[in-house]
Number of protein chains: 4
Amino acid sequence: MPKSTTPAPPRAKRADARRNEKSLLNAAAEVFVSSGVEAPIRDIAKAAGVGTATIYRHFPTRAELIIAVYRHQVDALAEDGPRLLRETDNAYDALRTWVDRFVDFLVTKHGLAAVLQSTDTCFDPLHDYFLDGVVPVCSHLLDAARESGEVTSEIDGIHLMRAIGGLCAGATDAHDYDARAMVDLLVTGLRARV
Amino acid sequence: MPKSTTPAPPRAKRADARRNEKSLLNAAAEVFVSSGVEAPIRDIAKAAGVGTATIYRHFPTRAELIIAVYRHQVDALAEDGPRLLRETDNAYDALRTWVDRFVDFLVTKHGLAAVLQSTDTCFDPLHDYFLDGVVPVCSHLLDAARESGEVTSEIDGIHLMRAIGGLCAGATDAHDYDARAMVDLLVTGLRARV
Amino acid sequence: MPKSTTPAPPRAKRADARRNEKSLLNAAAEVFVSSGVEAPIRDIAKAAGVGTATIYRHFPTRAELIIAVYRHQVDALAEDGPRLLRETDNAYDALRTWVDRFVDFLVTKHGLAAVLQSTDTCFDPLHDYFLDGVVPVCSHLLDAARESGEVTSEIDGIHLMRAIGGLCAGATDAHDYDARAMVDLLVTGLRARV
Amino acid sequence: MPKSTTPAPPRAKRADARRNEKSLLNAAAEVFVSSGVEAPIRDIAKAAGVGTATIYRHFPTRAELIIAVYRHQVDALAEDGPRLLRETDNAYDALRTWVDRFVDFLVTKHGLAAVLQSTDTCFDPLHDYFLDGVVPVCSHLLDAARESGEVTSEIDGIHLMRAIGGLCAGATDAHDYDARAMVDLLVTGLRARV
DNA sequence: AATGAATGAGTATTCATTCAT
DNA sequence: GATGAATGAATACTCATTCAT
């Protein structure tokens with residue numbers, strides 16, 4: 001009965017902590033946009049108005065913080081796949097639309113694409129999260145497009161996603177490089193020749 | 001006795017220094033492969049068996065070192081373009097072969113692709129070296145393929161190269177990601193639909 | 001229970017940190033005396049028994065550290081001017097007394113005089129601090145002495161202070177050079193000939 | 001008879017070496033003006049068109065190089081004292097003129113004044129050179145002015161010179177500080193009150 | 001639970017000095 | 001004798017992480 005030993009109502013704290021975490025994630029998201037996902041922890045803490053140790057308490061590794069920041073959007077991406085497949089007549093078009101959304105996600109999340117390419121083991125949890133949640137969706141879209149004969153390439157979902165990540169990692173504000181156009185070429189290349 | 005007035009032939013040292021520079025470049029190349037082109041200067045110096053200042057003497061900036069390490073291969077790449085165009089019946093095939101060689105170059109020079117994507121101004125000399133030497137070659141191949149009607153995409157040479165760089169930056173020993181296959185898809189995407 | 005919503009009073013740490021900063025300033029003052037104000041940060045950190053980063057946390061630039069170390073004494077110097085003018089019958093005597101105190105300050109703060117002469121822009125904040133706080137006081141004393149006819153020289157306050165700084169920079173423990181006597185000559189030179 | 005063992009005529013070499021040393025000193029003088037007497041050895045070597053080791057061979061310590069560079073002017077300064085005393089009616093005026101020439105020397109030799117103030121033992125030879133050659137001259141002028149009753153201050157020649165050095169060390173191109181005017185005040189302060 | 005102060009390892013760069021040629 | 005290449009010590013500054021309060 002810990003409740004009797006700690007007079008403070010645990011509910012309140014939970015709500016408080018959750019709100020805290022929420023604002024922390026919002027702050028982290030902003031810093032990620034402006035300084036990339038490798039931004040100094042202290043910067044994130046300052047933006048969130050908390051101490052650095054608080055970040056570590058909530059998210060022991062940077063990968064976990066990144067996952068938390070993008071979880072909703074990654075999950076949405078994962079859910080988009082089946083829906084697009086249902087709602088679109090054409091499997092290849094569904095794939096193309098989904099890829100577009102993935103590109104949207106990556107180009108607005110400055111530095112994320114680079115992290116997806118990183119081999120630093122500290123990012124493994126992030127890689128795993130993608131591997132488990134969204135790679136299967138991509139693979140499924142590819143399979144459907146292959147079944148319908150629109151795609152002949154035997155490429156894996158994970159490889160397609162890595163490739164898209166690479167193409168998006170090259171996008172910088174400084175140049176007029178258009179990641180979307182490049183990905184379009186890639187997806188066009190998937191298409192079976194008529 | 002004019003010989004006594006001109007103290008010593010300055011050649012002798014040069015030969016020694018040049019040999020030294022050669023071994024330094026070899027060592028740098030190896031470190032670049034294993035640790036990327038952003039490896040600490042100290043590591044490169046240690047690998048070369050010289051002091052850090054020796055690196056600075058030969059190559060005042062990191063970009064100059066990188067250029068020196070890859071100069072021959074980059075130059076060869078630049079020369080390959082016109083030759084392929086002459087020796088190949090088909091402009092598109094020439095482009096594809098040339099791109100293959102570019103990919104060969106990038107995937108074996110681990111970390112170089114990432115630097116080509118970097119916006120750090122310290123790499124500007126390197127970017128310029130590519131911009132001046134090899135981007136025009138790529139553009140020329142693209143133009144030729146467009147003239148022959150095999151390629152319709154209006155993509156610039158520099159953007160194609162950035163895209164290829166991005167696709168190759170995703171290549172790591174750890175996974176079975178095949179950069180060449182991805183680039184193949186991209187180049188296939190360039191092709192006019194029949 | 002509003003207390004639970006406001007986690008912890010931020011005062012506690014401040015007291016600790018302030019005490020720490022105090023000892024840091026004391027240590028820096030000692031190192032400045034023995035090694036000059038350009039002493040390596042690491043030496044100061046070691047003398048204070050803290051890590052180098054702690055110095056940077058408290059004083060991001062060296063100039064800020066120097067200012068902090070000498071702030072009280074510089075401020076006291078600034079306040080001395082008007083007081084001496086009020087309490088002394090003779091404006092020239094007030095000037096002379098004030099200059100004596102400035103000399104006291106400089107000769108006991110080994111290396112400070114040299115920094116006041118330095119053109120390194122990193123010391124600009126320190127120069128500005130003097131320029132804003134104490135140069136006007138010196139100028140005011142000079143003006144008063146000129147009004148009373150005791151001083152005829154048109155010298156600026158800042159130039160007088162630079163000169164005093166120069167005379168004190170020459171003071172070292174090694175020799176029997178008496179900075180105060182030299183400054184006395186200078187101030188005597190200011191005096192109108194009867 | 002070393003001459004028989006070394007066929008090359010030693011005379012020629014001497015002349016060569018002396019010319020070499022001459023141009024080296026000229027180059028050093030120029031670098032001293034632009035970068036101060038603490039300029040990197042390598043800069044001096046480059047300006048002189050010789051290797052760094054050549055500088056070390058000729059002048060094992062920096063102080064020796066500085067002495068060599070300024071020897072003629074320092075010697076001239078030493079000779080000026082007695083001459084001025086002979087040619088000038090007034091001992092105080094002779095002193096003042098001589099001090100002016102010392103100031104001329106210091107303000108045009110950027111950084112020299114600072115070195116004269118330095119306590120770094122590596123400059124001891126330079127200090128000694130002044131101590132032996134020019135300090136007695138200054139003392140002699142002071143003595144003469146005291147004998148004629150124009151100067152009452154008991155100041156030593158060396159202290160006067162240190163003070164002048166200090167006043168000149170404060171001179172920088174950046175500000176409108178007028179070292180000569182400050183020294184004038186100092187010398188005026190030496191003067192007996194009428 | 002939260003804070004933010006302290007830590008100390010890691011890296012680039014400069015320069016006096018030595019030494020092989 | 002001269003050269004200039006190589007050396008390596010020295011220092012400023014950053015940042016992830018820990019810990020006392």
Side-chain angles (χ1 to χ4, degrees), chain A residues 6 8 13-14 16-17 20 38-43 45-46 49-58 60-62 122, chain B residues 4 6-21 24 38-43 45 48-58 60-62 122, chain C residues 4 6-21 24 38-43 45 48-58 60-62 122, chain D residues 6 8 10 13-14 16-17 20 38-46 49-58 60-62 122:
Chain A
T6 56
K13 282 212 166 179
R14 280 285 162 83
D16 200 52
N20 224 320
E38 310 233 40
I41 292 284
R42 191 181 299 177
D43 290 357
K46 186 181 296 178
V50 302
T52 54
T54 304
I55 308 241
Y56 281 96
R57 170 174 297 277
H58 286 285
T61 72
R62 181 180 290 268
C122 85
Chain B
S4 65
T6 54
R11 291 285 167 81
K13 263 304 171 47
R14 281 291 156 83
D16 200 50
R18 198 164 294 183
R19 195 166 34 222
N20 219 318
E21 185 171 314
L24 197 163
E38 310 233 37
I41 291 286
R42 195 179 298 175
D43 290 358
V50 301
T52 55
T54 302
I55 308 269
Y56 283 99
R57 163 179 290 276
H58 288 282
T61 72
R62 181 181 291 270
C122 87
Chain C
S4 66
T6 54
R11 290 284 167 79
K13 260 306 171 44
R14 281 291 156 83
D16 200 51
R18 199 165 296 183
R19 192 165 37 218
N20 219 318
E21 186 171 312
L24 196 162
E38 311 231 38
I41 292 285
R42 194 179 299 175
D43 289 357
V50 301
T52 55
T54 303
I55 309 270
Y56 284 99
R57 163 180 290 275
H58 287 281
T61 71
R62 182 181 291 269
C122 86
Chain D
T6 57
K13 281 211 166 179
R14 279 284 163 84
D16 199 53
N20 224 321
E38 310 234 38
I41 292 285
R42 191 180 299 178
D43 291 357
I44 301 169
K46 186 181 295 178
V50 302
T52 54
T54 303
I55 308 240
Y56 281 96
R57 169 174 298 277
H58 285 285
T61 73
R62 181 181 290 266
C122 87

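Heavy-atom basis, side chains included; hydrogens, waters and symmetry copies ignored.
- Straight-line distance from the CG atom of A:Asp43 to the P atom of F:dC15: 7 Å, rounded to whole Å.
- The side chain of D:Thr54 contributes an N or O atom lying less than 4.0 Å from OP1 or OP2 of F:dT3.
- Taking the nucleotide of DNA chain E with the nearest heavy atom to each of C:Val50 and B:Thr61, the more 5' of the two is matched to C:Val50.
- Rounded to the nearest 0.5 angstrom, B:Arg57 CZ and B:Leu24 CG are separated by 12.0 Å.
- Using N1 to N3 plus N6-O4 or O6-N4 for Watson-Crick, or N1-O2 and O6-N3 for G-U wobble, each under 3.5 Å, F:dT11 pairs with E:dA12.
- In this entry the distance linking CD1 of C:Ile55 with P of F:dT14 reads 14 Å, nearest Å.
- Within the 4.0 Å cut-off from OP1 or OP2 of E:dA1, not a single side-chain nitrogen or oxygen of A:His58 is found.
- Nearest heavy-atom pair, D:Ile44 versus D:Ala39, reported as atom, atom and distance to 0.1 Å: CD1-O, 4.0 Å.
- Side-chain nitrogen and oxygen atoms of C:Arg62 include at least one within less than 4.0 Å of the OP1 or OP2 phosphate oxygen of F:dA12.
- Across the protein-nucleic acid pair, B:Ile41 atom CD1 and E:dG10 atom P stand 17 Å apart, rounded to whole Å.
- If you take CD of C:Glu38 and C1' of F:dA10, they are 15 Å apart, rounded to a whole angstrom.
- Nearest-nucleotide positions on DNA chain F place C:Arg42 closer to the 5' end than the other of C:Ala53 and C:Arg42.
- With a cut-off of 3.5 Å on both pairing distances, the Watson-Crick or G-U wobble partner of F:dC19 is E:dG4.
- Between B:Ile55 and B:Arg42, every side-chain heavy-atom pair lies at or beyond the 4.5 Å cut-off.
- Comparing B:Gly49 and C:Ala39 by the nucleotide of DNA chain F that holds the closest heavy atom to each, the one mapping nearer the 5' end is B:Gly49.
- Considering only side-chain N and O atoms, B:Asn20 lies nowhere under 4.0 angstrom from the phosphate OP1 or OP2 of F:dA5.
- The CD-C1' distance, from B:Glu21 to F:dG4, rounds to 14 Å in whole Å.
- Atom-to-atom, OH of D:Tyr56 to P of F:dA5 comes out at 16 Å; the value is rounded to the nearest Å.
- With hydrogens and angles ignored, a donor-acceptor pair under 3.5 angstrom links the side chain of A:Thr52 to the base of E:dA5.
- Closest to the C:Arg57 side chain, of the nucleotides E:dA5, E:dT13, E:dT3, is E:dA5.
- Closest to the C:Pro40 side chain, of the nucleotides E:dT14, F:dT3, F:dA12, is F:dA12.
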